[in-house]
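Below you'll find the structure, written out as structure tokens, and then a few comments.
First listed ligand is number 1; within each ligand, the first listed atom is number 1.
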Amino acid sequence: MTKIAIAIHGGAGTLVKGMMTPEKETAYRQALQKALDAGYKILENGASSMDAVEKAVQELENSHLFNAGKGSVFTATETHEMDASIMEGKNLKAGAVSLITGIANPVSLARDVMEKTEHVFLAGNGAMEFAKEVGYEIENSDYFYDEFRHNQWLEIKGTDSFQLDHSKNTSTPLSTRKDSKFGTVGAVALDENGNIAAATSTGGMTNKKYGRVGDSPMIGAGNYANNETCAVSCTGSGEYFIRGVVAYDVSCLMEHKGLSLEEATKEVIQNRIIKIGGDGGLIAIDIKGNISLEFNTEGMYRGSKNNEGLDLVEIYK
Ligand code: ASP
């Protein structure tokens with residue numbers, strides 16, 4: 001039997017058991033399962049890993065629970081600026097967008113950049129111009145409004161603080177909390193033709209300004225895929241993940257040091273990124289269908305499924 005497999009994440013962070021209401025936890029689990037199943041179904045029907053990761057990420061972007069697409073956090077000017085990227089392991093083709101607004105599914109725009117332009121990365125006004133040219137509807141801000149996320153923003157509005165999605169409910173001011181949740185979403189998959197792909201999408205950080213861009217749209221930092229090694233999607237403190245070139249570092253450890261997927265992801269997340277002060281996690285897959293879901297935070301919204309009986313949605317350690 002040819003192996004097919006998919007893994008997804010909805011962000012890592014301080015996800016402590018008992019801190020969430022049972023209803024909220026159920027909602028998260030259901031949303032993760034829905035995205036996992038949608039991506040897996042694409043693979044089951046014989047379509048590509050690119051189609052599968054795009055579909056899974058679209059599902060997560062369509063949920064207000066995650067900091068991507070619909071659930072994106074607010075910037076310092078009360079807008080939404082989203083970043084996304086996608087990469088195909090077969091030929092190292094990639095597409096990425098950054099600082100876009102009003103797009104319901106940034107992951108699809110990233111794929112269009114890859115497939116419909118000569119470029120890899122479009123940002124800001126230019127990316128929006130391209131989106132309109134290829135027929136994207138521009139949603140108004142109501143589509144992205146979420147009361148919880150708006151309150152998060154109100155708490156630090158007008159300050160120099162920025163915040164990685166939501167924190168646990170403590171009396172510590174948001175700006176000084178180390179514990180936080182990174183709500184970025186992502187997917188990696190292996191299709192029946194032995195090709196792997198990765199996609200990542202995010203609203204970035206609450207109250208971000210100056211056109212701040214994180215690791216998620218950066219090929220090699222927050223997202224990477226190469227059939228020779230692995231496909232990786234990251235979530236965490238973007239500044240550190242950029243400096244650690246995390247996704248590509250996992251690939252390099254496999255390619256140049258002969259490490260297994262498991263060893264490489266452990267080394268990067270439990271050692272290298274911690275050394276420079278970064279927290280978060282990643283999901284990764286190789287062409288044998290091995291999956292690694294590695295994080296150095298309390299938890300990570302995650303799911304994995306294959307045609308050998310694996311079908312798992314998890315939140316905590
Ligand atoms: N990595 C993302 C960023 O820095 C945040 C996240 O993972 O939620 O933009």
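Here His9 has no heavy atoms under 4.0 Å from ligand 1, in either its backbone or its side chain. The proximity of Ser216 to ligand 1, defined as any non-hydrogen pair under 4.0 Å, is limited to the side chain.
Remark: Asn195 CG to Ile287 CD1 distance equals 9.0 Å, nearest 0.5 Å. The OG1 atom of Thr206 sits 10.5 Å away from the CH2 atom of Trp153 when rounded to the nearest 0.5 Å. For the atom pair CG (Asn151) and CD1 (Ile156), the distance works out to 12.0 Å, reported to the nearest 0.5 Å. A distance of 10.0 Å separates CG of Asn296 from CE of Met300, quoted to the nearest 0.5 Å.
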Next on the checklist: Does Asn105 form a side-chain hydrogen bond (donor to acceptor under 3.5 Å, both in side chains) with Asn62? I'd like the steps, not just the answer.
Outcome noted: CA-CA 8 Å; Asn105 294 114; Asn62 294 344; 3.1 Å; yes

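Of the polar atoms of Gly238, at least one N or O is found under 3.5 Å from an N or O of ligand 1, judged by distance alone. The distance criterion of under 3.5 Å between nitrogen or oxygen atoms is met by Gly183 with respect to ligand 1. For a threshold of 3.5 Å applied to N or O pairs, the pair formed by Ser237 and ligand 1 contains no separation below that value. Backbone and side-chain nitrogen or oxygen atoms of Gly214 are examined, and none is located within less than 3.5 angstrom of a nitrogen or oxygen of ligand 1. In terms of N/O distances under 3.5 Å, ligand 1 is approached by Thr184.
Comment: Lys34 engages Glu59 in a salt bridge, judged by a side-chain N to carboxylate O separation of less than 4.0 angstrom.
Residues Phe74 and His80 place their aromatic rings such that the two centres sit under 6.0 Å apart.
Not a single heavy atom of Glu239 lies less than 4.0 angstrom from ligand 1. For Gly222, the closest heavy-atom approach to ligand 1 does not fall below 4.0 Å.
Arg149 places a side-chain N or O within 3.5 Å of a backbone atom of His64 that can act as its donor or acceptor partner.
Less than 4.0 angstrom separates some heavy atom of Gly204 from each of these atoms of ligand 1: 9 (O).
The closest non-hydrogen atom to atom 3 (C) of ligand 1, taken over Ile242, Asp215, Val213, Thr202, comes from Asp215.
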